[in-house]
Amino acid sequence: MLDIAFTKPALPKAGALVLPLFEGAAPEGQAAALDAASGGAITRAIAAAEFKGRKGQSVVLFAPVAGLARVVVAGLGAREGFKAEDAGGALVPHLSKDATATVMAEGLTGAEAAQMAMGALLRSWRFDRYRTTEKAEDKPRLAKLSFATADSGGAKAAFAALKPVADGVFLARELVAEPANILTPAVLADRCRALEKLGVEVEILGPREMRKLGFGALLGVAQGSINEARTVVMRWNGAGGRKGGKPLALIGKGVTFDTGGISIKPAAGMEDMKWDMAGAGAVIGAMAALAGRKARADVVGIVGLVENMPGHNAQRPGDVVTSASGQTIEVINTDAEGRLVLADIIHYAIERFDPSAMVDLATLTGAIIIALGHEHAGLFSNDDALSAKLEAAGRATGELVWRMPMGEAYDKQLKSDIADMKNVSGRPGSSITAAHFIGRFVQGRPWAHLDIAGTAWSSKDTATCPKGATAFGVRLLDRLVAEHHEA
Ligand code: BES
Ligand code: MN
Ligand code: ZN
């Protein structure tokens, strides 16, 4: 992992040097000294390249003075509305050839330097486990990134609070990126044990325990796979479980692979369904972030882990299952499996933990991608205050959510001729009817459902995330807790 450091302003003797400049600004301080030492090479290059300091603009000079391999002059855009994290992330692609780099952050506050470092760290993540033949010279080499700032103490302190959140993001990205032959429900449950060293209590329920608890909906999904189901309960009691203090419950859909089951999906793109556990990944990552920064809040994370496969023992369309709540469900489509998993673990969360509020995250419907694309997750909730908190946390972290409508008329569409409800209605508004299905298990408690099918995975690089698993939800949940649940 990229090593981040903060130092007092001083020019590095080797590696790369990054010179961030706001629109219209000229090198100052140490950077101006470097320019002088290079005989004005930097200011000449800036002029020759018509560099104006616009966001994303850059000029690269090779070896302008002895020792330094390169100088990257990077545009930050206007001072007003400056996004330090994105600016930090945007530096990383320029620094893949140097083992060490120093950012001359003299014109920035300590907090901004820390945010820049966070952005660079998030962007530098790479999932390398299965690349065995890539040549060393083709791999990104950056190992250490330093920020030179007058307020290096303030920057260090600010970064210390951000680093555990990056760790949570990386854990979630890694779990989501893992292929489904490696990451079965049992293996994913075992990976949750890594949180124990952060002080999280981790409890794993197997099929026998779940059968006793009446998890007929979750186990119905799992029954077609040779890879057994698990439910993992993760408890972080950062507020000491004070008397009367009910925990916040975070609930995640963890379908380690979704073939659709007997209602099988088409072949094209089915490989994407390895990330159908991204809701669980986000909850696990958020628990790691909260514990890592010792959040003063009581939070319980519960993830339902199953593999949805066809097979001689798979559940059939038309089957009726009994959920942990006692409500019966006619399974019209075995591909609408996420809601079946959530139904049982939400019921369990309520019965066991009496939570003050619940937030579930799930790659639940393709329809939410049609509605919102990849820019917002769908937010469905029975609680205006909780919704407003999530919307604000989304704006603060860049993990945007958009509230979708709910209503009686949608709920009615789940009526079954044989059971208490069916698991799908028609295609129209199917993200909404999916949310209503989940809503039937929340017992009127404050609850929000985030449909992250469009945001869990990105087909292109963004400023702070290489393409692939985004860990969407980790930072959102961390912010929700920081703003509203900490003592
Ligand atoms: N995991 C899928 C949803 C999904 C689709 C996520 C595409 C990411 C990309 C979910 O289990 C599913 O199959 N949903 C069905 C529901 C339908 C059968 C009502 C869907 O969206 O088609
Ligand atoms: Mn499905
Ligand atoms: Zn699914």
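Atoms within each ligand, like the ligands themselves, are counted from 1 in listed order. This chain uses plain numbering: 1 for the first residue, then up along the sequence.
Side-chain atoms of K253 do not come within 3.5 Å of backbone N or O of L342 as any donor-acceptor pair. Side chain of E209 to backbone of G206: a donor-acceptor contact under 3.5 angstrom is found. Under a 3.5 Å cut-off, the side chain of S458 and the backbone N or O of K467 do not form any donor-acceptor pair. Using a distance-only test at 3.5 Å, with no hydrogens or angles considered, a donor-acceptor pair links the side chain of N382 to the main chain of R445.
Annotation: angle subtended at the Zn ion (ligand 3) by K253 NZ and E337 OE2 is 90°, to 10°.
In terms of N/O distances under 3.5 Å, ligand 1 is approached by K265. Here's the thing with T365: none of its N/O atoms is less than 3.5 angstrom from an N/O atom of ligand 1. Residue contacts with ligand 1: G366 is placed with a nitrogen or oxygen under 3.5 Å of a nitrogen or oxygen of the ligand (distance criterion only). Close N/O approach between D276 and ligand 1 is found [any backbone or side-chain N/O within under 3.5 Å]. Between N333 and ligand 1, not a single N/O pair is under 3.5 Å apart.
Looking at D258, its N, O or S atom nearest to the Zn ion (ligand 3) turns out to be OD2. When you scan the N, O or S atoms of D276 for the one nearest the Zn ion (ligand 3), you land on OD2.
Looking only at heavy atoms of the protein, atom 12 (C) of ligand 1 is closest to D335 O, 3.2 Å. For atom 8 (C) of ligand 1, the nearest protein heavy atom (residue, atom name, distance) is M273 CE, 3.5 Å.
Using a 4.0 Å cutoff on heavy atoms, M270 does not count as a contact of ligand 1.
Counted by atom type alone, N308 and T259 present zero donor-acceptor pairs between their side chains at under 3.5 Å.
At most 12 heavy atoms of other shown residues, nucleotides or ligands fall within 6.0 angstrom of atom NZ in K83.
Taking 2.8 Å as the criterion, E337 counts as a coordinating residue of the Mn ion (ligand 2), since one of its N, O or S atoms falls below it.
Under 4.0 Å is where a charged nitrogen must lie from a carboxylate oxygen, and between E399 and R479 no such pair does. A salt bridge does not link D190 to R230: none of the charged nitrogens lies less than 4.0 Å from a carboxylate oxygen.
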